[in-house]
Amino acid sequence: MAMKSKVLIVGGTGYLGKRLVKASLAQGHETFVLHREEIGVDIEKVQMLLSFKQQGAHLVIGSFNDHQSLVKVLKLVDVVICAISGVHIRSHQILLQLKLVDAIKEAGNVKRFLPSEFGTDPARMENAMEPGRVTFDDKMVVRRATEEAGIPFTYISANCFAGYFLGGLCQPGFILPSREQVRLLGDGNQKAIYVDEDDIATYSIKTIDDPRTLNKTVYIRPPQNILSQREVVQIWEKLIGKELLKSSISEQEFLAIMKEQDYAEQVGLTHYYHVCYEGCLANFEIGDGAEEASKLYPEVKYTTVEEYMTRYL
């Protein structure tokens, strides 16, 4: 049996990062979690880091502002997974990864880099709208730097985080499902793909020692989770045994409302627009240069949309 890679998680206390730490440990990888020395009095973060340590992870200190500290940490590992936030309503730090790319290049020993992607494939979004396209543009800058540096990579396109999309029945600004009413985006028939965040982490860790995923994009498309907003609503109605009152918001109305919001909100709403009005996640076939996670790893029993939704009952 080949030795499992040693893994460094950057952004390990974040929404997806903490799941990546857990999945890496669960799959038997020696796991390192990067953190800054100056945490201040962020007690939640400290307690999370200590819980990782209790589960067997190594806590390592390094900073994006200290190149040598990063290089030193990188020398300890084979694989680097970055999960720093690219969501404007939280914090948008995607370009910070250029410092990580520089350090990986200097360290010279990293066998695989998974940059902070985990959403829509930015390579397919060259015609995305302002201001939301900044997310995709920044991710492409990091991809280009990675490839130009000759760093082996895997890009994970995980589509819609279930917590954000299913919780609110695909309505922006909602993360708990109503038992009374729902607003459909357009006719509600565009297909999207919803993935449990724990499954995103599990599949991501599966790819790191897999030669089939080297220098490729891996899409996470669990077949039972390719559904329209209308179908998601129907699943919820079945679970609560009641029909919701439905209204609809047209493309024009949506865009008009979007323009009135602040910048961070507009970025997020642009992404909803491309997903829910244009169907950008499911309207293409995966080509030769890419792979699909549920086909590569049929042994992973992924959470279906219906199973996920039961938590809200």
Side-chain angles (χ1 to χ4, degrees), residues 6-26 29-77 79-104 106-107 110 113-119 134-135 138-139 142 158 161-164 167-168 172-176 196-198 200-202 204-205 261-268 311:
K6 295 177 180 180
V7 180
L8 174 69
I9 311 284
V10 180
T13 56
Y15 183 63
L16 187 62
K18 62 188 176 193
R19 292 171 163 88
L20 288 161
V21 174
K22 193 174 149 196
S24 178
L25 290 167
H29 293 274
E30 196 173 343
T31 305
F32 297 75
V33 182
L34 185 76
H35 71 92
R36 293 191 301 268
E37 198 156 20
E38 65 290 351
I39 295 180
V41 289
D42 190 339
I43 189 72
E44 300 274 354
K45 192 174 275 191
V46 168
Q47 291 188 339
M48 195 186 297
L49 287 165
L50 292 173
S51 82
F52 293 156
K53 194 174 168 184
Q54 284 170 324
Q55 292 163 55
H58 306 284
L59 305 183
V60 286
I61 291 172
S63 166
F64 281 108
N65 299 322
D66 179 352
H67 176 75
Q68 283 311 318
S69 75
L70 290 179
V71 173
K72 189 175 156 192
V73 168
L74 291 167
K75 295 270 192 197
L76 304 171
V77 300
V79 171
V80 178
I81 306 178
C82 189
I84 60 177
S85 177
V87 182
H88 280 73
I89 54 168
R90 296 166 82 98
S91 66
H92 181 77
Q93 307 282 3
I94 293 299
L95 292 179
L96 263 184
Q97 293 179 102
L98 295 174
K99 296 184 175 187
L100 192 54
V101 169
D102 285 342
I104 291 171
E106 186 179 323
V110 171
F113 176 43
L114 277 63
S116 188
E117 293 256 350
F118 307 110
V134 65
T135 309
D138 285 359
K139 286 180 176 179
V142 174
F161 283 16
Y164 279 101
F174 295 89
I175 52 171
L176 280 173
D196 180 325
E197 292 85 344
D198 292 329
I200 295 173
T202 297
S204 297
I205 299 297
Q261 309 305 311
D262 67 25
Y263 177 78
E265 294 289 342
Q266 283 192 43
V267 170
R311 70 191 60 194

Inset, instruction - Hey, could you give me the CD1/CZ distance between Ile200 and Phe161, rounded to the nearest 0.5 Å? - result: 4.5 Å

Inset, instruction - Look at the side chain of Gln97 and the backbone N and O of Cys82, then say whether any donor-acceptor pair between them is shorter than 3.5 Å. - result: no

Legend entry - Side-chain donor or acceptor of Glu106 paired with backbone N/O of Asp102 under 3.5 Å: no

Legend entry - Nearest-0.5 Å distance that lies between atom OG1 in Thr31 and atom CG in Leu20: 10.0 Å

Inset, instruction - Measure centre to centre between the rings of Tyr15 and Phe118, then say whether the value is under 6.0 Å. - result: no

Legend entry - More than 12 heavy atoms from other groups under 6.0 Å of NZ on Lys22: no

Inset, instruction - Can you establish whether the number of heavy atoms outside Glu38 located under 6.0 Å from its atom CD is more than 12? - result: yes

Legend entry - Point-to-point distance, once rounded to the nearest 0.5 Å, from CD of Glu117 to NZ of Lys139: 5.5 Å

Inset, instruction - State, with a plain yes or no, whether a side-chain heavy atom of Val10 is found less than 4.5 Å away from one of Phe64. - result: yes

Inset, instruction - For the pair Arg311 and Asp196, find out whether any cationic side-chain nitrogen is under 4.0 Å from an anionic carboxylate oxygen. - result: yes

Legend entry - Value rounded to 0.5 Å, distance of CG in Leu49 from CG in Leu34: 10.0 Å

Legend entry - Ile205 side, atom CD1; Leu25 side, atom CG - distance, nearest 0.5 Å: 9.0 Å

Inset, instruction - Please check if atom CD1 in Ile175 has more than 12 non-hydrogen atoms from other residues, nucleotides or ligands closer than 6.0 Å. - result: no

Inset, instruction - Check whether any side-chain heavy atom of Asn65 lies under 4.5 Å from a side-chain heavy atom of Lys99, and answer yes or no. - result: yes

Inset, instruction - Can you sort out the partners of Leu50 under side-chain contact (heavy atoms from CB on, under 4.5 Å), two or more places apart, ordered by chain and number? - result: Val46

Inset, instruction - Run the numbers on Val142 and Ile94 for side-chain contact (heavy atoms from CB on, under 4.5 Å), then give the verdict. - result: CA-CA 8 Å; Val142 174; Ile94 293 299; 3.9 Å; yes

Legend entry - Derivation and outcome, side-chain contact (heavy atoms from CB on, under 4.5 Å), residues Ile84 and Leu100: CA-CA 11 Å; Ile84 60 177; Leu100 192 54; over 6 Å; no

Inset, instruction - Mind listing the closest non-hydrogen atom pair of Leu16 and Glu197 along with its distance? - result: CD1-O, 3.8 Å

Inset, instruction - Verify side-chain contact (heavy atoms from CB on, under 4.5 Å) between Leu76 and Lys6, making sure each step is shown before the conclusion. - result: CA-CA 8 Å; Leu76 304 171; Lys6 295 177 180 180; over 6 Å; no

Inset, instruction - Look up atom CD in Glu37 and atom CD1 in Ile61, then write down how far apart they are to the nearest 0.5 Å. - result: 4.5 Å

Legend entry - Donor-acceptor under 3.5 Å (Gln261 side chain, Gln266 main chain): no

Inset, instruction - Specify the closest pair of heavy atoms between Val21 and Gly12, including all atoms of both residues, with the distance to one decimal. - result: CG2-O, 4.0 Å

Inset, instruction - Verify, without hydrogens or angle tests, whether Thr13 (side chain) and Lys45 (backbone) share a donor-acceptor contact under 3.5 angstrom. - result: no

Legend entry - Closest non-hydrogen atom pair, Ser69 against Gly62: OG-CA, 3.5 Å

